Amino acid sequence: MSKLKYESPIIKQINAGITSKFGELNSLKPVTHIANVSVKSLIEQYGSPLFVINEQTIRNTYQDAYHAFSTRYPNVQFAWSYKTNYIEAVCKVFHQEGSWAEVVSGFEYQKALDNGVPGDKIIFNGPDKSDFDLKIAVENNSPIHIDHFDELYSLITITEQLNKRAKVAIRVNMDTGIKPLWDRFGFNYENGQAWEAINKIIYSNNIDLIGLHTHIGTFILDPNAYRVAASKLADLAINVKNKFKHDIQYIDMGGGFASKNTLKGSYLSGTDLAPSFSDYADNITQALLNAGFSTEDLPLLILETGRALIDDAGTLLGTVLANKRSADGRRSIIMDFGVNTLFTSFWYNHIISPAQECSLYTEDTVMYGPLCMNIDVIRESINLPPLNKGDHVVVHRIGAYNMTQWMQFITLRPKVVMIDTNGKTHIIRESESKEYVSELEITPDYLNNIDL
Amino acid sequence: MKLKKNIAISESGFIFNPEIGTSFTTNSLGVAILKQLKEKTSLDKIKDSIVKNYDIDPITCEKDLDDFLRIVNQYNLLEEQS
Amino acid sequence: MKNKKTITVAVTGLNAIDSPGPGIAVIRGLKESDFFNVRIIGLAYEILEPGIYMDELVDKVYQIPVPSSGFDVMLERLKYIQGKEKIDVLIPNFDAELMTFIKLKPILNKMGIKMLIPTKEQFEERLKGELNKFGEKLGIKVPKSETVFTINELEETLDDYDYPVVIKGKFYDAYIATNIEQAKIFFYKILAKWGAPIIVQEFINGNEFNITALGDGKGNMLGAVPMRKTFLTDKGKAWAGISIDDPKLLKMANDVISKTKWAGGMEIELMKEEKTNELYLLEINPRFPAWIYLANGCGQNHPEMLVKFLMGETVDPIEEYAIGKMFIRYSYDMICDLDKYEKMSIHGEV
């Protein structure tokens, strides 16, 4: 006689006000495959935890975004935001799709060059550009987006030394009706600082103002804010044209589009709140098309969106280390990945699914990471079916900011694999080894004799 | 270990404690275990019957059973032990 | 009418408790329809919503997932329900669920479920944080208000306000704070329950008036009844109210509905300032109010009109209503057997 399928016994008190199993059906549905490759086989082959990038999802998402803008505006260019995910294979998928590079440090700049991006297609943003970095950017003819007056003066000196012209844009911050106002980056629009910077550049000898840039914030759920921002930049561009007979070649709207993740503290789910690419595109392109440019003067529209292009393409696979009961009887579960690996668990309530067939019955659970540190909590509260030691889970939408902000802390960073469009898997970043971490350490000789 | 005798167990998995008016849901294995507890079946026997009838190894079964009983006890469904 | 057509209407908000949802009042209107024979499908979030146990009003109940679990989860559940029932019309009665239903509207429409609800733009325009702009657009005075996300922003904002001040949530809850410490407590209380942002609003001293109105989505007001709350519960909800004759209020309702092209039921909350007699717009709720049955008592059955409109019947706007009709809310202890509670908690339907 064949045995019955086992499912751990569970008992739950029925409380008024607490929704039962109908509350969170979504996370219950087991997700056994990523892009038709089984989670079990991935972990068997590459270990756990494991980051998985789905190449097809990247390409589909990029094409959706590009389509949303290019069908509404004649001249559109995306630039891949390196800080969101600068694993080489990921960047190259975007570059194959036609994205330029958008970098915010000398390190990222070099990565973009190594990836084969031509200098004039690397947009150099951010407050941190050393004189050395600026020189390289000038020599490579890269668009430099100036963040502050000190940078502008450094650049004037550098262009004189090199006797070479620099192509620049200024970053502009402004009130778009949303909070918080990101006024720490760039020059303010409302108080005239931006106009002052433009004047200085136009009257300088070796610097060409080719663009205007803004980046109004992060995870912006109100697409109308982009309309306000785009009109303000367009307004500046038209004033430049009227006053100096100078054409602004591009308007760079930066990034900040929300992904479908749910921010902590949000009542509604991110899938319901996140505007679509079309919503953002409508607002931005209408503002530019209605700004008063003549058709032949319409500037190139550059977009640096990162999160919304890559979040869905990334998943993290993990394994249950142990189940526990806390002192008050609440269930807790310890996973083999923690906040060191999944950095975004600090601000998202990630959707996490079991990776094998499981019970419909769930229990409110605290999900901990493996670190011997009290802060290591992945979800303060999540409804999960019983999972046994060794069972796997899938964390969804983690493509953005994890593979750059992860920490080498207590444990080593795991492998990253990419599933290509034919369903074949490739390691695109090896797991770290003790040697890799120790390699950089130098111990003075006199500390080397230990006698315990 | 024994279930309080007035606890009502329904096949659907609905458990009612008439003493304090609390109610609970449990799954099918939970129903089976509680019924056996009500009939004063020993823990070892309960465990044996699970391992015999279900596709499960004895260690996982023991861990799950212990955890289940801890919660059942926390919910005040067991007779106080003398 | 002899041969009434039988239709199926799903209704949420069965929480007829001390701070009631409108569901039961809506259902009473539908059950009293002369035109339709209405089978009611109750959609409940919690297993103790009283409507689940009101057999004479609700024919079948399904539990549905809370809106915070996302529209795809809700859709899955509604597909299951529609597989068993043939729902013709769905009437959402919670603010917090409306975004989800707005998103689901085209899909539900294909499944044969019709709804008369505002668009996303209309819904957002009247959000408490956006009310100032809304008032400006319609030429209606609105108490000064600001949206804050953090406790620091709250403190900064409060510098510009006199006490008492109103602290409100994005969807629900409003408290009157008489000092900064209280304001902070309310801030955290609302934040924990409904999330950011929190709204700080100028307190207007005076009498509160409410209008329930129904718009057809094309700018026409199908009906409206204004009332004054004559007594409040300690939760600030209406204990009793009376329909009143004030053309100014009706004109305002008409303005709001025609300028926004509002679709569905709405409740307009107004304050008439005691000293100046000026009207201030406090809130627009994107649904029927819990006291919607008063409209029925005054001769305007809005839920029935809404369903008729959606079913393609001609609905003539009604302007008349009985003045001086009162409603008095009362509570009532139902006696229920455990089996219904059991079925609901195990199967999620009964």
Side-chain angles (χ1 to χ4, degrees), chain B residues 1-41 43 46-47 49-50 53-56 60-61 63-80, chain C residues 12 14-19 21 23-24 41-55 58-70 73-74 76-85 331-350:
Chain B
M1 200 172 290
K2 196 184 131 196
L3 206 64
K4 284 184 179 165
K5 61 172 175 296
N6 48 3
I7 303 287
I9 307 167
S10 135
E11 274 314 318
S12 69
F14 185 79
I15 312 296
F16 178 62
N17 179 0
E19 205 174 273
I20 23 184
T22 45
S23 46
F24 308 85
T25 55
T26 184
N27 54 358
S28 60
L29 185 54
V31 171
I33 295 170
L34 290 176
K35 277 188 167 170
Q36 294 187 66
L37 277 179
K38 205 171 177 182
E39 285 150 20
K40 303 180 198 172
T41 316
L43 286 188
I46 296 178
K47 201 166 53 187
S49 78
I50 297 174
N53 293 314
Y54 290 86
D55 182 20
I56 190 68
T60 313
C61 175
K63 279 196 292 191
D64 283 353
L65 186 61
D66 287 348
D67 183 54
F68 181 72
L69 292 174
R70 225 172 282 140
I71 299 303
V72 170
N73 190 33
Q74 191 148 5
Y75 286 147
N76 269 314
L77 298 177
L78 296 180
E79 289 285 12
E80 305 221 354
Chain C
T12 68
L14 308 183
N15 53 330
I17 47 167
D18 57 343
S19 173
I24 294 304
I41 306 298
L43 302 175
Y45 290 103
E46 290 170 7
I47 52 176
L48 278 183
E49 290 183 24
I52 299 170
Y53 305 90
M54 296 181 177
D55 297 336
V58 185
D59 298 288
K60 171 92 194 186
V61 183
Y62 292 90
Q63 195 168 15
I64 54 172
V66 290
S68 59
S69 40
V73 184
M74 180 73 93
E76 194 93 343
R77 184 68 178 154
L78 291 174
K79 275 183 181 161
Y80 166 84
I81 296 170
Q82 188 66 345
K84 304 194 145 194
E85 312 288 343
S331 57
Y332 175 96
D333 297 352
M334 287 186 290
I335 303 304
C336 311
D337 287 327
L338 202 54
D339 65 330
K340 220 167 186 183
Y341 180 77
E342 171 180 342
K343 282 197 187 101
M344 202 59 197
S345 49
I346 299 284
H347 304 297
E349 58 183 88
V350 63

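These numbers come from a predicted model, not from an experiment.
Minimum interatomic distance between C/Ile346 and B/Phe14 (heavy atoms only, all atoms of both residues): CD1-N, 3.7 Å.
Atom CG in C/Leu338 sits 9.5 Å away from atom OG in B/Ser10 (nearest 0.5 Å).
In this structure, chain C has heavy atoms under 4.5 Å from both the backbone and the side chain of B/Ser12.
A 6.0 Å sphere centred on NZ of B/Lys38 holds more than 12 heavy atoms belonging to other residues, nucleotides or ligands.
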